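Let me begin by presenting the structure, written as structure tokens, before commenting on it.
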Amino acid sequence: MSVNLKLVEIKKSYLNVKALNSISLELQGGKIIVLLGVNGAGKTTLMRIMAGLENADCGQLLFNNQHVDCKAIRQLSTLVFQKSVMFSTNVYSNLSYGLRIRKVPKDEIKKKVAEALQIVRLSGFEKRRAKKTSGGEQQRIALARAFLLEPHVLLLDEPTANLDPNSATIIEKAIVNKKSVDRIIVMATHNLTQARRIADEIVHINNGVIVEAAKTEDFFENPKSEVSRKFVNGELEF
Ligand SMILES: Nc1ncnc2c1ncn2[C@@H]1O[C@H](COP(=O)(O)OP(=O)(O)OP(=O)(O)O)[C@@H](O)[C@H]1O
Ligand SMILES: [Mg+2]
């Protein structure tokens with residue numbers, strides 16, 4: 001049985017901005033769900049709520065049909081931010097932090113860190129100061145940090161936006177390799193060809209509402225809503 005996460009009528013406003021307006025969605029493990037939408041559509045806000053970093057104004061989250069509050073969902077989810085945040089320590093400490101607080105034995109941590117760095121092609125970076133590494137390297141360190149935590153809900157906010165094409169391809173493959181029935185992968189991207197390549201399902205958000213949620217092929221070949229059709233064709237006006 002695969003895990004599942006249900007969002008029920010999630011709403012979130014910031015002062016006079018309705019960032020999310022009644023989002024309902026059901027996500028299954030074993031799939032990559034890509035969030036598409038123009039700047040300010042609500043993708044990051046939705047992922048922050050799924051990560052338990054932000055409380056929705058109203059609505060519910062259910063994991064495997066059990067209601068989960070912010071604290072509970074934080075235990076299940078890991079979000080890789082649009083702009084990665086590094087601690088002022090070396091790369092090893094940055095990567096091992098989550099495992100250390102879970103009291104994973106030292107030897108195991110060392111092995112997992114090395115594996116994760118290998119996946120993002122940064123082997124040997126353990127002793128480097130994380131904050132001094134390049135933007136793209138920091139993005140890959142943040143991804144490695146999320147990968148080794150093996151979360152049930154892996155949330156990736158534009159994970160390849162800062163990467164060179166070769167690194168982007170490597171990371172794309174690593175994300176696909178993380179697919180598992182006990183993991184839901186949600187990713188925001190502005191790269192439509194990337195979305196087409198790796199998404200199982202597309203959720204198109206516009207002005208804080210879901211305008212279309214469909215299998216990837218159906219979304220790109222035959223978008224049902226006018227907004228999605230325009231978005232796919234690059235004709236969406238503001
Ligand atoms: N903390 C905040 N305070 C005020 N407004 C916010 C805050 N966070 C988000 N917003 C607003 O909510 C809306 C949705 O923002 P969000 O970051 O979710 O968009 P996005 O789809 O991730 O966009 P992008 O593609 O640019 O990353 C925007 O209008 C944004 O300005
Ligand atoms: Mg965003």
Side-chain angles (χ1 to χ4, degrees), residues 5-25 27 32-61 69-70 73-74 77-86 135-136 138-143 145-146 151 153-163 168 171-172 175 184-199 201-214 216 219-220 223 225-238:
L5 180 67
K6 283 195 195 104
L7 287 77
V8 186
E9 296 181 10
I10 299 283
K11 291 187 185 174
K12 181 76 187 176
S13 293
Y14 299 103
L15 295 172
N16 55 351
V17 180
K18 264 192 184 169
L20 297 174
N21 193 4
S22 206
I23 297 275
S24 293
L25 198 57
L27 309 171
I32 297 180
I33 298 99
V34 164
L35 303 181
L36 293 178
V38 297
N39 293 137
K43 305 178 295 296
T44 297
T45 307
L46 187 60
M47 288 207 272
R48 287 180 62 81
I49 290 170
M50 287 195 266
L53 300 176
E54 195 106 56
N55 257 316
D57 298 337
C58 56
Q60 282 194 352
L61 287 179
D69 60 12
C70 252
I73 194 73
R74 266 205 299 274
S77 300
T78 300
L79 170 64
V80 177
F81 295 95
Q82 206 165 345
K83 287 185 201 129
S84 44
V85 187
M86 297 286 117
Q138 289 189 28
Q139 187 69 16
R140 285 151 63 195
I141 293 164
L143 284 157
R145 193 164 58 189
V153 184
L154 177 61
L155 304 160
L156 307 167
D157 202 353
E158 302 186 29
T160 60
N162 298 317
L163 304 186
I171 293 304
E172 252 185 56
I175 293 167
I184 294 160
I185 303 178
V186 182
M187 177 176 123
T189 182
H190 289 293
N191 182 335
L192 295 186
T193 53
Q194 178 181 62
R196 208 169 178 155
R197 262 195 309 274
I198 74 168
E201 289 169 13
I202 302 284
V203 174
H204 180 195
I205 302 178
N206 199 46
N207 279 329
V209 296
I210 295 175
V211 283
E212 193 152 339
T216 305
F219 180 83
F220 285 104
S225 74
E226 181 68 4
V227 183
S228 296
R229 193 189 60 72
K230 285 188 170 165
F231 180 77
V232 167
N233 294 327
E235 296 164 0
L236 202 56
E237 287 171 21
F238 302 95

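Everything numeric in this text was worked out from a predicted model, so none of it was measured. In each ligand, atom 1 is the first atom listed, and ligand 1 is the first ligand listed.
- Nearest non-hydrogen protein atom to atom 25 (O) of ligand 1 is Lys43 NZ, 2.7 Å.
- In this structure, Ile141 and Ser84 have side chains that are not in contact, with every pair of non-hydrogen atoms separated by 4.5 Å or more.
- In this structure, Thr216 contributes its side chain and Arg196 its backbone to no donor-acceptor pair below 3.5 Å.
- Under the 3.5 Å distance criterion, the side-chain polar atoms of Lys11 are left unmatched by any main-chain donor or acceptor of Ala56.
- When atom types are taken as modelled, the side chain of Glu212 and the backbone of Ser225 share a donor-acceptor pair closer than 3.5 angstrom.
- Checking only distances, Gly42 does come within under 3.5 Å of ligand 1, N or O to N or O.
- The nearest heavy-atom contact from the protein to atom 23 (O) of ligand 1 is Gly40 N, 2.8 Å.
- Here the protein heavy atom with the shortest distance to atom 12 (O) of ligand 1 is Ala19 CB, 3.5 Å.
- Within the 4.0 angstrom cut-off, atom 19 (O) of ligand 1 has one or more protein heavy-atom neighbours.
- Ligand 1 has no nitrogen or oxygen under 3.5 angstrom from a nitrogen or oxygen of Gly37.
- Using a 4.5 Å cut-off on side-chain heavy atoms (C-beta onward), Val34 and Ile32 make contact.
- Here is the list of ligand 1 atoms found below 4.0 Å of a heavy atom in Gln82: 27 (O).
- Taking 4.5 Å as the limit, some side-chain heavy atom of Tyr14 sits within range of a side-chain heavy atom of Thr45.
- In this structure, the protein non-hydrogen atom closest to atom 8 (N) of ligand 1 is Tyr14 CE1, 3.3 Å.
- For atom 30 (C) of ligand 1, no protein non-hydrogen atom is found at a distance below 4.0 Å.
- Close approach of ligand 1 to Thr44 (heavy-atom distance below 4.0 Å) involves ligand atoms 17 (O), 18 (O), 20 (P), 22 (O), 27 (O).
- The shortest distance between side-chain heavy atoms of Met47 and Gln82 does not fall below 4.5 Å.
- Note: angle at the Mg ion (ligand 2), from OG1 of Thr44 to OE1 of Gln82, is 80° (rounded to 10 degrees).
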Query raised in the report: Are Ile73 and Leu5 close enough, and set up right, to give a side-chain contact (heavy atoms from CB on, under 4.5 Å), and what steps lead you there?
Result: CA-CA 10 Å; Ile73 194 73; Leu5 180 67; 3.9 Å; yes
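- Put simply, the side chain of Gln139 gets close to the backbone of Pro159: a donor and an acceptor are under 3.5 Å apart.
- Taking every heavy atom of Glu158 and a limit of under 4.0 angstrom, the matching atoms of ligand 1 come to 25 (O), 27 (O).
- In this comparison of Asn39, Leu20, Val17, the heavy atom closest to atom 26 (O) of ligand 1 sits on Asn39.
- Residue contacts with ligand 1: His190 is included, with a non-hydrogen atom under 4.0 Å away.
- In this structure, Leu7 and Ile49 have side chains that are not in contact, with every pair of non-hydrogen atoms separated by 4.5 Å or more.
- Residue Thr45 touches ligand 1 through backbone and side chain together, judged by heavy-atom distances below 4.0 Å.
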